[in-house]
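A, B, ... follow the sequence lines: proteins, then strands. Residue 1 opens every chain.
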Number of protein chains: 2
Amino acid sequence: MDKLPERIRIKDIARLAEVSVGTVDRVLHGRPGVSKNSRERVEKILKELDYHPNMYASALASNKKYNFVCMLPLHSTRSYWHDIEQGARKAELSYSDFHISVEMLHYDPYDFSSFESVGKKALDMNPDGVMFSPTMSRTTLVFTKELEERKIPYVFVDSQVKEASPLAFFGQQAMQSGYFAGRMLMLLAHEKEAVVVFRHSRGGQMGSNQQHEREIGFRYYMNEHHKTCKIWELDVDVRQNQEETIQLLDDFFTSHPEVKLGITFNSQVHVFGEYLEYRNKSKAFNLLGYDLLDRNVNCLRKGTVTFLIAQQPFFQGYNGIQTLCKSLILRKEVKQVNYMPIDLLSAENLDYYLDSQESE
Amino acid sequence: MDKLPERIRIKDIARLAEVSVGTVDRVLHGRPGVSKNSRERVEKILKELDYHPNMYASALASNKKYNFVCMLPLHSTRSYWHDIEQGARKAELSYSDFHISVEMLHYDPYDFSSFESVGKKALDMNPDGVMFSPTMSRTTLVFTKELEERKIPYVFVDSQVKEASPLAFFGQQAMQSGYFAGRMLMLLAHEKEAVVVFRHSRGGQMGSNQQHEREIGFRYYMNEHHKTCKIWELDVDVRQNQEETIQLLDDFFTSHPEVKLGITFNSQVHVFGEYLEYRNKSKAFNLLGYDLLDRNVNCLRKGTVTFLIAQQPFFQGYNGIQTLCKSLILRKEVKQVNYMPIDLLSAENLDYYLDSQESE
DNA sequence: AGTATCTTTGTGCGCGTACACAACTCCGTT
DNA sequence: AACGGAGTTGTGTACGCGCACAAAGATACT
């Protein structure tokens, strides 16, 4: 009786099943041309020995090129989307020895037809996998259906669409994060119980569903714990210029001097933080927002924003691409729903968070 | 002129430098037996083409076995150390195709000679790398000196020792985390300004330096922002039984009814949380502690502990082993000081954090 | 010139897997 | 008995690299 090596190889399986490595290979990859008898014998031994192929030898031998496409809204540097993109780029680098490439495509987040045409472009590239954020829920389903027909796996980042069947999803549980935001904001309240929700939209059209969900979670918390607390709303249109915004905020604070707490559910909290600094109001006002844009981080450091909630966009992008590799190249099972932690950042714990985000 | 393939290989370098692959290999590994002329020519081309070896082919070919040792204090399941160990185990699995093994050794955290003898055992195994937590600062230096003489790289987790030169360190900036803890605790204060620091030691001997550093950071914050706030201290010995502990706490709360805030700097906050539940005091008292032990998490869920500060022990362990692999096997540069984020957990954001910690 | 020694360079095999292709078996047909 | 074809099975080469060993060139000494 030969003893088995520490790490089982295909030829060990072959020897035990009394077939050649070619047959084992065919069984492993589910290819035809194997008799029922051999297939069963090989499968039995594979299971018995709990065989796992050496993924590095495997990748080396297959030598196939994998092309992934990543579709994100058009964005400026240091935005939330930018961080996701950085994560995807890093993953591309990490897995470069597997011959993967990640092609970036961008669309106008306020234009359905733009998403559509970028989606077409993506399909034309005949990718092995796609990663994108389903910010456009209606058009998304047309796109995912096409992907499913072509058997191209796709990964959602940031948000998800219930009707679709992605390989995986990476993002925050937005409602719970809004709930948590409410908790943290009211911790700052003391007796001053009145809150303003700053909205930042384009003609009333919200940037994403996530923002909406956050607000629902927030209002749920408020209804549960601070029913008497008055919640004001203030809409700022992204197309307004600075003077108009300042005027709007001045008017609001003149007519509502009792409001000492503010919250935003998108990543534009710096608009309000910078206003507070300009009017020198930050001492008496507490502001909570989302995402670690540079301008938001500056506000946090200066004290014009008290808390930021983060959601590890870098890792969303990194893990998204990583998951495609794991599933397609290494043929591993992957977890489908992956909620990112709801991270609370203040001036006091910010630095070490940023530090941990940028490295791999 | 031949065009270059997308991915540069050794033989491409060899062809361009007009030498054989053997010579390129010698240059890459800094081995002797190469003329100055050849070496320079090869190095020039390596740099020009920015050559990076295919690490998977490399690992496959070398086929060397790497043995790592991980030394941690003796601990029960679901403790902080346990999570580090889990991370190390996971890394062992992730990198199993590189033929690595991680041997776990445990020592009594209150016994210097135990650390010493375990250290000897580790050296006897002639490991390729060591990961441990320098909880015993004095004996650590003897051990690290020996490691350095034998040219065995080592990684610190949890805490570090200034005089040593580890390959890398993964842990929290303890002072800053104490500072942050102060900030968050005082957020819960409102007008009731009196705090008790619960200590949990063994005959006055603190478990680790990290705890001490946290308390320093905390007191620094208090001195900066709440100078008038009275800070009481209460020492509980780990060897006391439950009745004695309850008696001690009863006495304290009887004589100091005005104290409504408590903090601990080790991971034993559940001792106090469970007391609060037992005495039904949790509504009127806010408690902050460290680390996500099961019992602590239960307290958080029940509301007997308000906040926990976490430091991703799983990733400390995972990254520690990963770093050894990267440096030794893949010959990559690694970052030496890696501060873990200072994570704030409450009942509202706990679940998604736990979710993200357990998976890889 | 011949030989020994040292330095430098080139070659070949193996790591574990994937895949193309060759080879063999079995069975029915001519 | 010879042949063809489908269904199976085995074999050889390649992937990119590391390393042992062979080969060739250089130098010094007899």
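Looking at which nucleotide of DNA chain C each of A:Ser58 and B:Ser20 is closest to, the 5′-most match is held by B:Ser20. Position along DNA chain D of the nearest nucleotide to B:Ala59 versus B:Arg26 favours B:Ala59 as the more 5'-ward residue.
Distance, A:Arg331 CZ to C:dT17 C1': 11 Å, rounded to whole Å. Per the geometry, OH belonging to A:Tyr56 stands 15 Å off P belonging to C:dA18, to the nearest Å. The distance between atom NZ of B:Lys64 and atom C1' of C:dG16, rounded to the nearest whole Å, is 19 Å. C:dT17 atom C1' lies 13 Å from atom CD1 of A:Ile13, rounded to whole Å. For the pair A:Asp25 CG and C:dC19 C1', the interatomic distance rounds to 7 Å; values are reported in whole Å. Rounded to whole Å, the distance from NE2 on A:His99 to C1' on C:dA18 is 14 Å. If you take NZ of B:Lys11 and P of C:dC13, they are 16 Å apart, rounded to a whole angstrom. Taking atom CD1 of A:Ile329 as the reference point, atom P of C:dT17 lies 17 Å away to the nearest angstrom.
Proximity note for B:Asn63 (side chain, C-beta onward) versus C:dT9, C:dA18, C:dC15: the nearest is C:dC15.
In this structure, A:Gln160 contributes its side chain and A:Phe169 its backbone to no donor-acceptor pair below 3.5 Å. Using modelled atom types, no side-chain atom of B:Arg150 and backbone atom of B:Pro127 make a donor-acceptor pair closer than 3.5 Å. Here the side chain of A:Ser327 pairs no donor or acceptor atom with the backbone of A:Leu324 at under 3.5 angstrom. The main-chain N or O of A:Tyr80 is never found under 3.5 Å from a side-chain atom of A:Asp83 such that the two would form a donor-acceptor pair.
With rounding to the nearest 0.5 Å, the separation of CZ in B:Arg39 from CG in B:Leu46 is 10.5 Å. If you take NZ on A:Lys326 and NZ on A:Lys332, they are separated by 6.0 Å, rounding to the nearest 0.5 Å.
Among the heavy atoms of the strands lying under 4.0 Å from B:Leu60 is at least one base atom, whether or not backbone atoms are also near.
Between C:dC15 and A:Arg9, no contact under 4.0 Å exists linking OP1 or OP2 to a side-chain N or O. Distances shown here put a side-chain N or O of A:Tyr51 below 4.0 Å from the OP1 or OP2 atom of C:dT17.
For the residue pair B:Tyr154 and B:Glu148, a side-chain donor N or O sits within less than 3.5 Å of a side-chain acceptor on the partner.
Nucleotides of DNA chain D with any atom under 4.0 Å from a heavy atom of chain A span, from 5' to 3', D:dT8 to D:dG16.
Of the residues in residues 32-46 of chain B, B:Gly33, B:Val34, B:Ser35, B:Ser38 come within less than 4.0 Å of DNA chain C through at least one heavy atom, sorted by number.
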Determine, step by step, whether A:Arg31 and A:Asp25 satisfy the salt bridge (Lys or Arg N to Asp or Glu O under 4.0 Å) criterion, reporting the C-alpha distance in whole Å, the side-chain angles of both residues, the deciding distance to 0.1 Å, and the verdict.
-> CA-CA 8 Å; A:Arg31 275 194 296 256; A:Asp25 183 66; 2.3 Å; yes
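Using a 4.5 Å heavy-atom threshold, the side chains of B:Phe115 and B:Val142 count as separate.
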